[in-house]
Structure formats: C-alpha cells, structure tokens
Colleague: 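Right, I'll just put the structure down here and ask away after.
Residue numbers begin at 1 in each chain, while the letters A, B, ... track the order of the sequences.
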Amino acid sequence: MSSPASIPDKPALEGLEAKWGETWESAGVYRFDRTGRTRGDIYSIDTPPPTASGSLHIGHVFSYTHTDVIARFQRMLGKTVFYPMGWDDNGLPTERRVQNYYGVRCDPTLPYEPGFVPPFEGGDNKSSKAADQQPISRRNFIELCERLTVEDEKQFEAVWRILGLSVDWTQTYRTIGDDARAASQKAFLRNLARGEAYQADAPTLWDVTFRTAVAQAELEDRVQPGFYHRIAFTRPDGGQIEIETSRPELLPSCVALVAHPDDERYKPLFGTTVTSPVFGVEVPVLAHHLAQADKGTGIAMICTFGDVTDVVWWRELDLPNRAVIGFDGRFSGEAPAAITSDFGRDAYAQLAGKTVFSAKQTVVELLRSTGELLEDPKPVQHPVKFFEKGDRPLEIVSTRQWYITNGGRDPQLRERLIELGTEIDFLPDFMRVRYENWVRGLAGDWLVSRQRFFGVPLPVWYRVDADGNPLFEEFIVPDESTLPIDPSSDVPPGYTEDQRGAAGGFIGELDVMDTWATSSLTPQLAGGWDRDDELWNLVFPYDLRPQGQDIIRTWLFSTALRSLLEEGVKPWSHASISGFIVDPDRKKMSKSKGNVVTPAAMLEQHGSDAVRYWAASSRLGTDAAFDPQNPTQIRIGRRLAIKILNAAKFILGFDAETAAAIPAGRAAVTHPLDWSMLTTLDAVVATATTALTEYDHARALETTEQFFWNFCDDYLELVKERAYGTAGGEDGGQASAIAALRDALSTLLRLFAPFVPFATEEAWSWFADGSVHTVPWPVPGDVPESADAQLLTLASEALITIRRAKTDAKASQKTRVAQATIVGPLAQVELLQLAEADLRAVGRIEELGFGPGDALAVTHIELIPNEEL
RNA sequence: GGGCUCUUAGCUCAGUUGGUUAGAGCGCCACGUUUACACCGUGGAUGUCGGGGGUUCGAAUCCCUCAGGGCCCA
C-alpha cells in the first residue's frame, strides 16, 4: 500500500491472504470512523454472531461472503460501513461443549473451588456420560465456559480474517460480555416496566435431560414409533367407553374424556361421567372442537399433561391439575388426591419414581390384569415434540416461568408485527412469507426463562415472607445503573447479603434468559444502545440484516419483536436471506449427518478468493450444492483469480516508458476499437452497479466475469500487437491501446474487488497507491458519440471465424494468412474496417479484403503452409 | 395435512415486462506449446425447458393440474 510494488515474474495466489490481511489490519482499511458522519453516510450491518461453541462450516463461509460482498461494494460507493462481528457464546451449546471438553458438569449446590483444574482438556466434543463428568460449582463451570469460548472465538476470527471479511475487528461483542448482559437485562427490565414481561405458573414444555423449559421456537416434531392402547372407561350404568391412547401411563392424571361436539356417537354422553380403569377416578365427558372424530375411537382422554392439546383443553374446559411427572421426567412419589380407592392408590404406588418408559409398561400390565386393555397395542408412527437440541421427548410440567409478549396472545401486537415485516425488504422477497407464517402460527407468549447456568441472569429478586416463603409476585428489580447483575450473588437495593434466604429477606432468581432473548438484541449490542448515543443514532435502524433461512422464526422474528417493543420501529431496512449448502445428494449439511465440510482446509487448499467466488456465484435465498471431492466452482474461481493477476501483469507490461507518459484515464484513447471496448465496459459497470444495489451479487459477478473473459480472449488479442508498438502505422494507436487497457484494468479490478479481494488488491498494488477496497466504485466514463459497442462484437466474430479456419486446417493459430476476405452486410463491413489493422495483426493476415454478403463470414482464406514460415 | 420453493445440456446453473434458431461454465471431443497465463489457448458437439391441459399470432416464461426433490410449519 506504499508505492507501487514490482510485478512478480510468476504471479501466484499463495500467501496473498496473509500478506494483505496484515496490511489491511495495520492500515485500518476497514475501520469504522464515525468522525463527522451523519446517518446518511453510513451503511450498517447487523452481523449474525456465530455460535462460538459450534464449529464453522462451509455454509457460514457461503452466507458471510454474501454479506462481505455488499459491505465492500457499499464502502467503495463511499459509505462508511459499520460491519461489526459478534460471538454468540452464551447458552446451552456452550454448556454442552464445556462438559465434553473438560469432563465436568454443573451442580449449583456445590461451593466454588478456587484454582480448580478440570479432569482433562480437549475432549472430542462427542457427548460423554453424565456419570463420567466431575460435578463442579456454578461459578467454576461458568469460568470454564468463559475460558473455552474465548479460545473458540480466536479460532473463528482467524478463519474470518483468512476469508477476507472486511469486518472492523475493533467492533466486536460477545453475547455473554458485560455490555451484552447489561443491555439484555436492561431491555428485559424495560419490558417488565411496560408490562411486556411477566411471570406465570403454567404448563410448560420441559426437557427432562437438560431440565429446562423450552420455547415454541425451539420445538421440533420428530416421527417416533409408539403404540395405540385401546382402553375401557366405565359408565355409571356399567357400560363401557373405549378410547385409544399412546400414553396410557398418564391414566392416573386423567381429568376428562373429550369428543367433538357434533359427534353423534358421543352427544348423549356429554355432561355425564365415567370412571377411569385401574385408578377408579370419576371424570366428566366433555365436548370440544379440537377433538378429532376420525382419530381412534373419536373420543380421547385429557391428561395433565400429555401434549399441547391437553393444555388447551385443560385451560379452556377449566379442568383440575393432576400432574404426575416431575422435572426429572419421573413419576412423583405422591398420587394425585383424586385417586382415592385402595386399588388405585396401590397401583399408583407402583409407578412412583419410575420413568415414563417403565411407568408405561407397568400401567399396561395393570390394564391387562384388570381386563381393561381391550386388545393388543397397535404399533404406530406419530409425531412427538422434542427440544431441537434434545434427544428425549418433551414433557409438560407446571412451573413458574417468565414470559415476554410476542403477539401469540395479542392479535393487535401480531398485526403490528406482520405490518413491520412488510416494511422490511426481504431478499429474496418470498422469505417474508416464512416470517408471516411464523407470526400467525404463534400459540403463546415467548417463554424466556431457562433453568440453566451459562446465560444472562434474569435480573430479579423475590421477597421472602416472615415464614421464610418466597413471594414471587413481590419481585425486586435492580437500578439500571447497576447492570449487569447476578441476583444469585448480588444483593437487591435495601438488603444485605445475610438476608438472603432468611425470613423477611430475599432470594435471587436462579434462572437465566433464553439465549435468543439476548441475541434478539444484536442491533442494540453492537450499536451502543443506551451506552453510546452518537453511535446508536448513526447505525440504527440498520441497513442490512443478513442471515440464514433456518432462523427466520427465531433470530429474525425475535429481533423484529424486541425492536418493535423497545423502539417502535423496524430494526433494519433489508433482510438478506442466504440459502444453505447441500451435499451432492441434495441433503442439507449438518453435523448429525456427518457431511459437514470445514472451511479452514478449503481456504487453505484452494485460496480464499476461489472459495469466495464459489459463494458469490449463488444468489440470495437459493441453496447451493457442494461436493468437496469435486469443487468445480471453486476451481473456476481460482482460475479467475489467477487470470486477473496474469492479465494485469500483461497489461502493465506494455512499454512502460510510453505508458508513463500517457495521462491516466481516457484522454489518450483515439482508436474506434478501444472506444468500442470501453463503451461495452461502461455498460457492464452500469449493470453490475444496478445488480449490487439490488443485492444481486451473483448477477454483478457473472456480468463482470463474462466481459473479462471476452476482454482477455478477444480484445486483448486484437490490440496486443498495437500495444506492443509493433503494428506500426496509425498515429497514437499504441498510446490509445495502452490507455484503454489501463483504464479497463482499473475498472475491472474495482468491479472484481468485492468478490476476489486478495487478487485484485495484489494487482492494484502493482500500479496504484492505496487499497483498491477504498477507492471509488467505477462509474461509466466519457465516450465520444462515435463509440460503438458493435465494433468489438463484430471484430470478435471475425476473429473467431479466422481462428476456426485455422483450427479446421489443423494449423497453429500463428499460421500466417496470405489473403482473406471478410464479407457481410454493408454497415457491418464498414464498421469492421475500422479495426482492419488489428484484425490483420492478430490473424497474421497479409492481405485483408472486405466485401458484401448476407452474414458476416470469412471467405477465400489462404493459409501459408508451415514450411514457408 | 398446510405454506414456501425448485425441476432447463452428462453436472452446476443463467434465462428481465411472453417475442427470431433456449444460453454460460464445467465435463467431453479435436486441434494448438502464439513473447500474461499448461492452474493455458482455439474450435466443436450436446436439449421433448419434469408430464399433461389451457390462454395467446407466439409460452422455458402466464393460468390449471399431476408427479418428483427440498425447507419450514402442523
């Protein structure tokens, strides 16, 4: 970046990443300098913070390259680009990684152990058994989380730097960092103050492995094998009602039977009662429209709680709660009070303490013994709800949890969110539908409390009454100025530590927030919300939110929600959605399928420019197939990057002395063919600029690339003799060619710069000062009236015809031609004659004639045999 | 079951508001070592635009329908 460097004899891509990465960093090329800027000067990006505990895969490279191309384009347009990087390090994935990496697990009841050394380091990140993990205190556990994420983040940053992301590395944040915790807690407290956050004791989807509540956005259905059990309930008159259930173990928690209100078979029974088998509990028969007449026997039992429909029925039909499953996924020791018969209580005693699995077997045996299992269980495949990161079916337990309103129970808020979506330019546009579908399908408010450890603590305490019982409705909040806080170690205002847990004192909330509750605030975290007002006003609302399509329901939605609640406006004007990478069998790459490709080796093997080319060739929203064994697009990208270096070297090598005397730009251009090329290039500039402005990076790249290959294959060949100065004749012909070539080179390097930043920077350094990445994006230049793009096209066609004649004769392209005639429509031939000398030179034609004809063609070509050379 | 999306050359993909004979790259075949490039150059062959129906002077493009792939939601 100092004075122009000498051009290597043999340009190569190897080493460019390290060379330019260091130069860019030390020169601060991508630094966000807000001095004197106004909002209109800024282009701000709400970068996705990768999960620090995960591993980067080729899909990350794909989508982050899309963003970087836009960032570089906007920077060259003259915008000051706010392009920060965050690390999403809080949350369950980190906890799991720490457990496996260090062989530990968190037990909050244990005391802190200073100077703790974990059993080992560098576990293989495969799941290890809990029994093999050493229990440690929460504080020790969090220290290990902190230690490992810092290490992981260094490795991530190294990959991003090699890839050439034009991030300002002084603008980084961590979702577990002090500022992030403070902002997350502050936003929650403001939700609370405005009535948007609340706590409720309610049936909650619960993962028994991780022992935490989970939210709707974290659910997934998995088809599981199961059995339908046909069971008999008894009517007061002794008659039977048959139901089918996949969860007979929940029979002791049965609170009603339910059928569809229009179901003629059961209409007479509505309002009557029946008695449950084995446990002998009398329950009502009720009507509800969610009961499916065509499923099983058409009548179902309602238990507390087998699935989310049970919860709806329980709530809407105002039924009692007879929950039997505890937080550990086992049956509680005490039978529901409704079971009063000795037989029923004995039966329940056999279930107490059992897992769902073994309780099911026990209940089935009991039903067989009483003859109330009417037939052998029928195997079925049915969808079961799982926590997306879990591997045991979710249970539903009643617990006190914190919620944030999200429109799931508020039609007005829901409509505002949908309206907000219409104000955002989704790229591609159809992705908005996924957002709208999600908003419309919300079944309840957002459950944000998690019974985990490595997260942002919910910033509340609870008063304890005179008898030592916590008063959850009488919560205490900290002053904003004290954030971030940890209520399990910090003391609420007006209390002292010795009052913790004491009668008349307080207790701290132990739960942490859903990781999305923090990452939904990435615009705030990165943009200095309520911490750096000047920055915030410069970047918010952001220009761009790039992300993957798989997290529209989580990250995109929750960010839009928090922005609406906190600021009342959309968080960004554009949301660009990248597709994902599929393997050659069109299967999505994922860790569980074992088809993940890690980027570091790819970048090392092929070079960053090559990998970026591959990524940038795909449009937003489309999935890209990738075969690591045969990375065709990457090879093409590598070829392009090398070609850029070679072409630049070639162009800069033409008579350097003459070139030095030629003014930069187009002042010395006189030849019609040169003008033809430049006006064609101007059209490419216009197309590429429009495409990038519309976030169609693939089109910009394709257009530029196509021009570039034609430029090299035809124009460069046509003018090289003239540029060498060996063609002779025309006045200023050499200067014109050299000036046009240099002007085109400058333009092409800038057009390619967002896509292949390393090769373009290298070539730029051979003749110009400063970085190509901070020079102005090209604009179409001045051309004379007479400039005609058609001329270059015709000359290329003529050249191809001449080449074909030589190829057909199995002759070398440098074979001389004694005589040739080009025929074609008069206007074309007249135009083409303007390039006669260049055509003769490239074709080594001694005598070139022109004549009339229907279409452009070469006739009467007369090769001079080899031996006469 | 619902929503979205895709199906174009052997492969990966372009194809704009409907408009001549549907394109590119890779791969393949032939030729060529031309003073930037063998990580190269030149040229060539390659299609029932998933199937069917409709609208139109004209359909890869618009509409209907069917089939298949993918993602998300139930």
Side-chain angles (χ1 to χ4, degrees), chain A residues 7-14 216-217 219-221 292 308-309 383 385 428-443 548-554 577 579-580 582 584-588 606-607 610 613-614 617-619 621-627 630-654 687 690-691 694 696 698-699 701-703 705-706 709-710 712-714 716-717 720-721 723-724 726 741 745 763 799-816 842-844 866 869:
Chain A
I7 306 175
D9 286 341
K10 199 159 174 62
L13 301 177
E14 280 68 28
Q216 185 184 351
L219 296 186
E220 64 183 36
D221 279 0
Q292 292 173 267
V308 289
T309 315
K385 295 216 180 305
D429 191 63
F430 66 78
M431 290 292 181
R432 180 183 294 102
V433 178
R434 302 192 182 191
Y435 168 84
E436 291 174 350
N437 285 347
W438 175 252
V439 175
R440 292 206 169 94
L442 286 167
Q549 55 178 310
D550 49 335
I551 51 175
I552 290 174
R553 64 176 176 156
T554 48
I577 312 293
F580 46 66
V582 294
D585 299 325
R586 300 212 76 81
K587 293 277 181 283
K588 183 179 175 180
H606 301 285
Y613 172 88
W614 159 74
S617 317
S618 286
R619 293 168 303 162
T622 54
D623 300 341
F626 181 67
D627 181 359
N630 191 23
T632 312
Q633 284 294 312
I634 292 180
R635 290 205 187 105
I636 298 167
R638 185 177 173 83
R639 207 182 56 156
L640 173 66
I642 292 169
K643 187 81 172 180
I644 288 170
L645 293 179
N646 282 318
K649 180 186 175 209
F650 187 46
I651 289 167
L652 296 170
F654 289 119
T687 302
T690 303
E694 294 168 354
D696 190 352
R699 182 166 151 82
L701 174 57
E702 190 193 15
T703 304
E705 188 191 8
Q706 195 188 349
W709 285 103
N710 290 337
C712 289
D713 295 344
D714 297 338
L716 209 37
E717 294 294 326
K720 73 181 184 188
E721 297 297 334
Y724 276 126
T726 51
L741 283 167
L745 176 64
L799 178 55
I800 287 168
T801 325
I802 294 162
R803 282 173 182 150
R804 187 184 296 125
K806 293 184 179 180
T807 300
D808 289 347
K810 294 189 194 283
S812 158
Q813 289 299 322
K814 68 177 180 184
T815 304
R816 284 162 50 190
V842 67
R844 292 170 185 257
N866 273 345
L869 272 175

Colleague: Would you classify Ile642(A) as touching base, sugar-phosphate or nothing, given that sugar-phosphate means primed atoms plus P, OP1 and OP2, and contacts are heavy atoms under 4.0 Å?
Modeller: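 Answer is base: heavy atoms of Ile642(A) come under 4.0 Å of a base.
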Colleague: Strictly below 4.0 Å: does Lys10(A) bring a side-chain N or O up to OP1 or OP2 of A38(B)?
Modeller: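 Looking at the OP1 and OP2 atoms of A38(B), one of them is under 4.0 Å from a side-chain N or O of Lys10(A).
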Colleague: Ignoring the backbone of Ala625(A), work out which of C4(B), G25(B), C13(B) is nearest its side chain.
Modeller: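 Output: C13(B).
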Colleague: Please lay out, stage by stage, how Asp696(A) and Arg619(A) fare under the test side chain to side chain contact (heavy atoms under 4.5 Å, CB included).
Modeller: CA-CA 7 Å; Asp696(A) 190 352; Arg619(A) 293 168 303 162; 4.0 Å; yes
Colleague: Under 4.0 Å, heavy atoms only, any strand: does Asp221(A) hit a base, just the sugar-phosphate, or nothing?
Modeller: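 The answer is base, as Asp221(A) lies within the cut-off (heavy atoms under 4.0 Å) of a base atom.
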Colleague: For Asp627(A) and G27(B), what is the distance between atoms CG and P respectively, to the nearest whole Å?
Modeller: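 Asp627(A) atom CG is separated from G27(B) atom P by 14 Å.
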Colleague: Tell me: CZ of Phe654(A) to C1' of A36(B), nearest whole Å?
Modeller: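 From Phe654(A) CZ to A36(B) C1': 8 Å.
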Colleague: Tell me which nucleotide among A30(B), A36(B), C26(B) gets nearest to the side chain of Lys810(A).
Modeller: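 Among A30(B), A36(B), C26(B), the one nearest the side chain of Lys810(A) is A30(B).
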Colleague: Please work out if Glu717(A) contacts a base, only the sugar-phosphate, or nothing of the nucleic acid, heavy-atom cut-off 4.0 Å.
Modeller: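 It contacts base atoms.
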Colleague: Looking only at side-chain atoms of Phe580(A), point me to the closest of U42(B), G3(B), G70(B).
Modeller: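 So the nucleotide nearest the side chain must be G70(B).
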Colleague: Classify the nucleic acid contact of Ile800(A) as base, sugar-phosphate or nothing, counting any heavy atom under 4.0 Å across all strands shown.
Modeller: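 Since only primed, P, OP1 and OP2 atoms lie under 4.0 Å of Ile800(A), the category is sugar-phosphate.
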Colleague: Considering only atom C1', compute the distance from C57(B) to U20(B) and round it to an integer number of Å.
Modeller: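 Pairwise C1' distance, C57(B) against U20(B), rounds to 14 Å.
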Colleague: Write down the atom of Ala763(A), the atom of Leu645(A), and the distance for their closest heavy-atom approach.
Modeller: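 Shortest heavy-atom separation between Ala763(A) and Leu645(A) comes out as N-CD2, 4.2 Å.
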Colleague: Report which part of the nucleic acid Arg553(A) touches: base, sugar-phosphate, or nothing (heavy-atom distance under 4.0 Å, all strands).
Modeller: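 Sugar-phosphate contact only - Arg553(A) comes under 4.0 Å of backbone atoms but never of a base.
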Colleague: Could you state the CD-C1' distance from Glu705(A) to G25(B), rounded to the nearest angstrom?
Modeller: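 Those two atoms, CD and C1', are 8 Å apart.
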Colleague: When you compare A22(B) with A59(B), how far apart are their P atoms, in angstrom units rounded to a whole number?
Modeller: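 One P to the other, the span is 13 Å.
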Colleague: Starting at NZ of Lys806(A) and ending at P of C31(B), how long is that distance when rounded to a whole Å?
Modeller: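 So the two atoms are 18 Å apart, to the nearest Å.
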Colleague: So does Gln706(A) have more than 12 non-hydrogen atoms from other groups sitting under 6.0 Å from CD?
Modeller: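 No, the 6.0 Å shell around CD holds no more than 12 heavy atoms from other groups.
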Colleague: Classify the angle between the aromatic ring planes of Phe626(A) and Trp614(A) as parallel (below 30°), tilted (30 to 60°) or perpendicular (above 60°).
Modeller: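 Tilted: the ring planes of Phe626(A) and Trp614(A) meet at 30° to 60°.
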Colleague: Less than 4.5 Å apart, any side-chain heavy atom of Ile552(A) and any of Trp438(A)?
Modeller: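 A side-chain contact is absent here, since even the closest heavy-atom pair is not under 4.5 Å.
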Colleague: Quote, to the nearest angstrom, the P distance that separates G25(B) from A9(B).
Modeller: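 Rounded to whole Å, the distance is 16 Å.
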Colleague: Can you measure Leu799(A) atom CG to U34(B) atom C1' for me and round it to whole angstrom units?
Modeller: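 Distance check: Leu799(A) CG to U34(B) C1' gives 12 Å.
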Colleague: Over how many whole Å does the gap from Gln706(A) atom CD to A24(B) atom P extend?
Modeller: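 Atom-to-atom, Gln706(A) to A24(B), this comes out as 9 Å.
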Colleague: Does some side-chain heavy atom of Arg844(A) sit less than 4.5 Å from a side-chain heavy atom of Lys814(A)?
Modeller: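 Touching, per the 4.5 Å side-chain cut-off.
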Colleague: What integer number of Å spans the C1' atoms of G69(B) and G51(B)?
Modeller: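 The same atom, C1', in both gives a distance of 15 Å.
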Colleague: Report the distance from atom CZ of Arg803(A) to atom P of G32(B), rounded to the nearest whole Å.
Modeller: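 After rounding, the gap between these two atoms is 17 Å.
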Colleague: Regarding C37(B), can its base be found pairing with the side chain of Lys643(A) as donor and acceptor, where the two atoms are less than 3.5 Å apart?
Modeller: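 Such a pair is found, so the answer is yes.
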Colleague: Should Gln813(A) and Ile802(A) count as side-chain neighbours, where that means a heavy-atom distance under 4.5 Å?
Modeller: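 Gln813(A) does not reach Ile802(A) side chain to side chain.
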Colleague: Which of the following nucleotides, A36(B), A74(B), C71(B), is nearest to the side chain of Gln216(A)?
Modeller: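 My answer, after comparing the listed nucleotides, is A74(B).
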Colleague: Would you mind classifying the nucleic acid contact of Asp713(A) as base, sugar-phosphate or nothing, using non-hydrogen atoms under 4.0 angstrom?
Modeller: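 Touches sugar-phosphate only.
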Colleague: Closer to the 5' end of RNA chain B via nearest nucleotide, is it Gly441(A) or Thr622(A)?
Modeller: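 Counting from the 5' end, the first nearest nucleotide belongs to Thr622(A).
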Colleague: With respect to the phosphate group of U42(B), does any side-chain polar atom (N or O) of Arg804(A) fall under 4.0 Å of OP1 or OP2?
Modeller: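 So the side chain of Arg804(A) is outside the cut-off, no N or O lying under 4.0 Å from OP1 or OP2 of U42(B).
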Colleague: Between G23(B) and C63(B), how many Å separate the two C1' atoms, rounded to a whole number?
Modeller: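 The answer is 27 Å between these two C1' atoms.
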Colleague: So, is Arg639(A) close to the C26(B) phosphate, meaning a side-chain N or O under 4.0 Å from OP1 or OP2?
Modeller: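 Checking Arg639(A) against C26(B): at least one side-chain N or O falls below 4.0 Å of OP1 or OP2.
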Colleague: U5(B) and A14(B): how far apart are their P atoms, nearest whole angstrom?
Modeller: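 So the two P atoms sit 15 Å from each other.
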Colleague: Does U34(B) have OP1 or OP2 under 4.0 Å away from a side-chain N or O of Lys814(A)?
Modeller: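 Lys814(A) to U34(B) OP1/OP2: side-chain N or O found under 4.0 Å.
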Colleague: Can a donor-acceptor pair be found, under 3.5 Å and without considering hydrogens, that links the side chain of Arg638(A) to the backbone of His606(A)?
Modeller: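 At least one qualifying donor-acceptor pair exists.
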Colleague: Mind checking the C1' distance from C6(B) to U42(B)? Whole angstroms is fine.
Modeller: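 My reading of the C1' atoms in C6(B) and U42(B) gives 37 Å.
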Colleague: Could you tell me whether Gln633(A) contacts a base, only the sugar-phosphate backbone, or nothing, with contacts defined as non-hydrogen atoms closer than 4.0 Å?
Modeller: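 Nothing: the residue Gln633(A), judged by heavy atoms under 4.0 Å, touches no strand.
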Colleague: Any non-hydrogen side-chain atom of Thr632(A) less than 4.5 Å from a side-chain atom of Asp627(A)?
Modeller: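 They are not in contact (no side-chain heavy atoms under 4.5 Å apart), so the answer is no.
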Colleague: Using a 4.0 Å heavy-atom cut-off across all strands, classify Trp709(A) as base, sugar-phosphate, or nothing.
Modeller: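 Sugar-phosphate: the residue Trp709(A), judged by heavy atoms under 4.0 Å, touches backbone atoms but no base.
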Colleague: Determine which bases of RNA chain B form Watson-Crick or G-U wobble pairs with both distances under 3.5 Å, and write the result as a 5' to 3' dot-bracket string with | for other-strand partners.
Modeller: (((((((..((((.....[...)))).(((((.......))))).....(((((..]....)))))))))))).
Colleague: Determine the Euclidean distance between corresponding C1' atoms of C40(B) and U21(B); express it in Å to zero decimal places.
Modeller: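 It comes out at 33 Å once rounded to the nearest Å.
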Colleague: Mind checking whether Asn437(A) and Arg553(A) have side chains closer than 4.5 Å, heavy atoms only?
Modeller: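 In short, these two side chains do not touch, never coming nearer than 4.5 Å.
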Colleague: Of Ala648(A) and Thr632(A), whose closest RNA chain B nucleotide lies nearer the 5' terminus?
Modeller: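 Looking at the nearest nucleotide for each, Thr632(A) comes out on the 5' side.
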Colleague: Using whole Å, report how far CZ of Arg844(A) lies from C1' of U42(B).
Modeller: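 The distance from CZ of Arg844(A) to C1' of U42(B) comes to 14 Å, rounded to the nearest Å.
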Colleague: Measuring to OP1 and OP2 of U12(B), would you say a side-chain N or O of Arg619(A) lies under 4.0 angstrom away?
Modeller: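 Arg619(A) to U12(B) OP1/OP2: no side-chain N or O under 4.0 Å.
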Colleague: Do Thr690(A) and Arg699(A) have side-chain heavy atoms sitting under 4.5 Å apart?
Modeller: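 Side-chain contact under 4.5 Å: no.
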Colleague: Over all strands shown, is Arg638(A) touching base, sugar-phosphate only, or nothing at heavy-atom distances under 4.0 angstrom?
Modeller: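 If one applies the 4.0 Å heavy-atom cut-off, Arg638(A) turns out to touch a base.
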Colleague: At less than 4.0 Å, is any side-chain N or O atom of Tyr435(A) found next to OP1 or OP2 of G3(B)? Yes or no.
Modeller: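 No, Tyr435(A) has no side-chain N/O under 4.0 Å of OP1/OP2 on G3(B).
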Colleague: When you get a sec, tell me which of U34(B), A36(B), C4(B) is the closest nucleotide to the side chain of Arg434(A)?
Modeller: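 Comparing U34(B), A36(B), C4(B) against the side chain of Arg434(A), the answer is C4(B).
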